Amino acid sequence: MIDVKNLSKSFGDHLVLDNISEHISPGEKVVVIGPSGSGKSTFLRCLNLLETPTKGTITFEGTVITDPKVKIDKIRQQMGMVFQHFNLFPNMTIRKNITLAPVRTGLMKQEEADKAASQLLQRVDLADKADAYPNQLSGGQKQRIAIVRALAMKPKVMLFDEPTSALDPEMVGEVLDVMKELARDGMTMVVVTHEMGFAREVGSRVLFMDGGHILEQNAPKEFFDHPQNPRTQLFLSKVL
Amino acid sequence: MLQWFYRTLDRFHTAFLEADRWKLYLQGLGVTLEMTVIALILGTCLGLVIAVVRTAHDQQRPGRRNFLLGIANVFCNIYTTVIRGTPMMVQLLIWSFVIFSTSRNKVMVGFIGLGINSGAYVAEIIRGGLMSVDIGQSEAGRSLGLNYFDTMRFIVIPQAFKNILPSLGNEFITLFKDTSLVSAIGAAELTYHASRIGGRTFDYMPPLIGIAVMYLAIVIVFTWAQGRLERRLRESDRR
């Protein structure tokens, strides 16, 4: 589904991703963990070209999306993204937040989109918030809205960039529950997170990144029970 | 003391009421306001276009630089540099005596000069406003597959508007006061009439003090209205 080859990214002199190759298959739930500054967020943001790679290619469903001629908007319509700071649009109601992209990109008519929005909101127990504005919601509610806003585009893959890091601890659960449900429904997911419990429970594969490299990857059980790389062992001993 | 008071009153009487001179002030004030509004509209349109060109140019993806946008950006840069780097008065004189030296419609020359001057400042105000919107907002828009212009139109510009409004109000006030410079090229606005009347009555104090009060009154009213509008917008933040 997503094929990354020899991906490098540097900001000025600072090399953030160093020659990464990775493949993500349909239905996989790939969890990326690692210390801050390891390049995991940059890696995720390269996947939908919010960051432009310095070197290397990314292929999505057979299209080389790093090619400058590719219509990136069309590709992004198939890749949902959820941000650490939610990034809901404060100047619109929740309903408008969800329906703006499907309507403007021609995916749905306004009525269809409104109906879809109601269903999505019901799914995350926020049907009564359709006419509220983002400022009136708690962090956990905002993030659940951000997830369904991305889902409204019917994406083939969902990218999560530390979706629970900006939340109060008591709100982390409600967001993870939505993500777990999404995983059960078979969505392909790439999740950058510090939630080890989520990685163990939901992930089909865990990647450990540090210094711009993927140092180790494995199925969650193996990964957490028998880490091989000394850097991984050190990291896990600190966070678990 | 009382004598001085009557004398002053008499001077003001000569400057404002004799020979229906107050009509000239009103006419002048009308021209001043007309010039301010047209110049403001011209300046805002120009400023918006320049701000969008410059922001769009700066936000292009590396490797996908648009050649035309590059050229447009160079022109915009030259324009803002020249306009902001030369005195308003010199610009007006050039418009009037060099570029439109044959035109007798000095009011038109006046608002063209003012509008083009103001456009350079408004462009910077709008550009600042666009950049003040959190980058995450446009990232969220783009990540949903919206194109650059939809993201600007529905997400960034509406949020930038609130940040732009106070500075735009100040620009309006500056522009309003700068219309007095246009009297130097002979457009019959408020200051022009005042100095003409001063010349004819051999008494400059009453007409000049008079128009200073008029300018001040209008600026005060406008500042008050601007404050109210901003409070309204801020309240809608706390919905």
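Here the structure is a predicted model, which is why all the values come from computation and not from measurement. In what follows, every chain begins at residue 1, and chains take the letters A, B, ... in the order their sequences are listed.
- In this structure, the side chain of A/N91 engages the main chain of B/F154 through a donor-acceptor pair within 3.5 Å.
- Under the 4.5 Å side-chain criterion, counting only non-hydrogen atoms from C-beta, B/V107 is in contact with B/M35.
- Distance alone, capped at 3.5 Å, is enough to place a donor-acceptor pair between the A/E112 side chain and the A/K109 backbone.
- Shown here is A/K180, whose NZ atom has more than 12 heavy atoms of other residues, nucleotides or ligands within 6.0 Å.
- Atom CZ of B/F161 has 12 or fewer neighbouring heavy atoms from other residues, nucleotides or ligands inside a 6.0 Å radius.
- Taking 4.5 Å as the heavy-atom cut-off, none of the residues of residues 14-37 of chain A approach chain B.
- Within the model, atoms CG of A/L126 and OG of A/S118 stand 12.5 Å from one another, a figure rounded to the nearest 0.5 Å.
- Side-chain atoms of B/Q91 and B/T86 form a donor-acceptor pair, as typed in the model, at a separation below 3.5 Å.
- Rounding to the nearest 0.5 Å gives a distance of 4.0 Å between OG of B/S138 and CD1 of B/I135.
- Counted within 6.0 Å of CZ on A/F11, heavy atoms from surrounding residues, nucleotides or ligands total more than 12; the atom is thus considered enclosed.
- A search for ring pair (Phe, Tyr, Trp, His ring centres under 6.0 Å) contacts involving B/F172 returns B/F222, not counting sequence neighbours.
- Contact of B/N147 with chain A is made through backbone and side chain together, with heavy-atom distances under 4.5 Å.
- Contact tally against chain B (heavy-atom pairs below 4.5 Å) for A/N48, A/D73, A/L107: the top residue is A/D73.
- By the 6.0 Å and 45° rule, B/K106 stacks over the aromatic ring of B/F97.
- For the atom pair OH (B/Y79) and CD1 (B/I50), the distance works out to 4.5 Å, reported to the nearest 0.5 Å.
- Between the B/S118 side chain and the B/L114 main chain, no donor and acceptor come within less than 3.5 Å of each other.
- Between chain B and the options A/R45, A/K74, A/K96, the largest number of non-hydrogen pairs under 4.5 Å is found for A/R45.
- Residues from residues 143-161 of chain A that place a non-hydrogen atom less than 4.5 Å from a non-hydrogen atom of chain B comprise A/R149, A/A150, A/M153, given in numerical order.
- The minimum heavy-atom distance between A/L7 and A/I58, with the atom names listed, is CD1-CD1, 4.3 Å.
- Residues of residues 77-87 of chain A that come closer than 4.5 Å to chain B, counting heavy atoms only, are A/Q77, A/M79, A/M81, A/F83, A/N87, ordered by residue number.
- Contacts with chain B were tallied for A/T105, A/L100, A/I75; A/L100 has the most, counting heavy-atom pairs under 4.5 Å.
- Using cut-offs of 30° and 60° on the angle between ring planes, the pair B/F100 and B/W95 is parallel.
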